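Since we're looking at a predicted model, the values are computed, not measured. Here is how names work: the chains are called A, B, and so on, in the same order as the sequence lines, proteins then strands, and each is numbered from 1.
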Amino acid sequence: NAGVIQTPRHKVTGKGQEATLWCEPISGHSAVFWYRQTIVQGLEFLTYFRNQAPIDDSGMPKERFSAQMPNQSHSTLKIQSTQPQDSAVYLCASSLEGAETLYFGSGTRLTVL
Amino acid sequence: GDQVEQSPSALSLHEGTDSALRCNFTTTMRSVQWFRQNSRGSLISLFYLASGTKENGRLKSAFDSKERRYSTLHIRDAQLEDSGTYFCAARTGGNNKLTFGQGTVLSVIP
């Protein structure tokens with residue numbers, strides 16, 4: 001079991017460019033969560049999917065951020081027109097159906113110059 | 001909104017000593033999960049509790065089953081490899097998202 005896989009590990013973008021972050025949940029896990037971690041705000045919930053359906057996106061910034069889960073083996077978080085304040089570590093986690101224990105990936109460190 | 005208040009924010013322990021971390025919740029929580037974040041940034045799950053206590057080696061966690069308003073993580077015989085940032089996170093009754101505390105930075109010194 002490789003755990004939750006996130007790619008890339010590091011991404012540097014220029015202001016105004018688009019960034020796409022990838023997450024492969026643990027095989028067989030039906031729920032996928034996205035979190036963002038910064039020094040100032042700590043760990044913040046962004047969105048989550050269950051069985052590929054979006055369930056709660058209450059933490060997603062209303063503009064420029066979107067998440068998809070086109071199949072059970074991967075989810076993407078897309079940030080359009082990136083801004084320096086988007087710089088953070090973006091973490092993906094997954095869990096089994098009916099279970100609440102979350103398993104996190106190693107994260108993608110996004111730096112917007 | 002729902003808040004998770006974690007204390008202390010930082011802690012230094014000598015090897016071989018014991019200590020406890022605490023999380024207080026501003027509302028009743030359904031479950032709690034404790035994590036350690038290592039130097040590479042990986043969040044490692046230590047415990048998930050819906051009630052009661054769990055123990056794993058030198059670590060033990062408890063979740064107040066009556067009021068469901070706090071949880072503790074006890075570290076016994078601290079070792080250098082226990083150093084890292086410890087987070088608690090909790091869920092309310094009608095919600096599946098975890099709300100995280102601000103973390104405790106633990107340094108174990110020889």
message: With disulfide (SG to SG under 2.5 Å) as the rule and sequence neighbours excluded, what pairs involving residues 21-105 of chain A come up?
response: A:Cys23-A:Cys92

Backbone of A:Ser81 reached by a side-chain donor or acceptor of A:Gln83 within 3.5 Å: yes

A:Asp86 vs A:Thr13 side-chain heavy atoms within contact, under 4.5 Å: no

- prompt: Are B:Phe100 and B:Val4 connected in a single hydrophobic cluster, I mean Ile/Leu/Val/Met/Phe/Trp/Tyr linked by side-chain heavy atoms less than 4.5 Å apart?
  reply: no

At a cut-off of 3.5 Å, what donor and acceptor atoms pair up between chain A and chain B?
residue	atom	partner	partner atom	Å
A:Tyr35	OH	B:Leu98	N	2.9
A:Tyr35	OH	B:Leu98	O	2.9
A:Gln37	OE1	B:Gln37	NE2	2.9
A:Gln37	NE2	B:Gln37	OE1	3.1
A:Ser58	OG	B:Lys97	NZ	3.2
A:Glu100	O	B:Arg91	NH1	3.2
A:Glu100	O	B:Arg91	NH2	2.7
A:Glu100	OE1	B:Ser31	OG	2.7
A:Glu100	OE1	B:Tyr48	OH	2.8
A:Glu100	OE2	B:Arg30	NE	2.7
A:Glu100	OE2	B:Arg30	NH2	2.3
A:Leu102	N	B:Gln33	OE1	3.1
A:Leu102	O	B:Gln33	NE2	3.0
A:Ser106	OG	B:Ser42	OG	3.2

message: With a 3.5 Å distance limit and no angle check, can you tell me whether A:Gln17 reaches the backbone of A:Thr82 through a side-chain donor-acceptor pair?
response: no

task: Could you tell me which portion of B:Phe87 (side chain, backbone, both or neither) has an atom closer than 4.5 angstrom to a non-hydrogen atom of chain A?
output: side chain

query: In terms of hydrophobic clustering (I, L, V, M, F, W, Y; side-chain heavy atoms under 4.5 Å; direct or indirect links), are A:Val112 and A:Phe65 co-clustered?
result: yes

- request: Would you kindly confirm whether B:Phe35 and B:Phe47 end up in one hydrophobic cluster when ILVMFWY residues are joined by side chain heavy atoms under 4.5 Å apart?
  value: no

message: Please classify the contact of B:Ile44 with chain A as side chain, backbone, both or neither, using a heavy-atom distance under 4.5 Å.
response: neither

- prompt: Checking A:Leu91 against chain B: side chain, backbone, both or neither under 4.5 Å from a heavy atom?
  reply: side chain

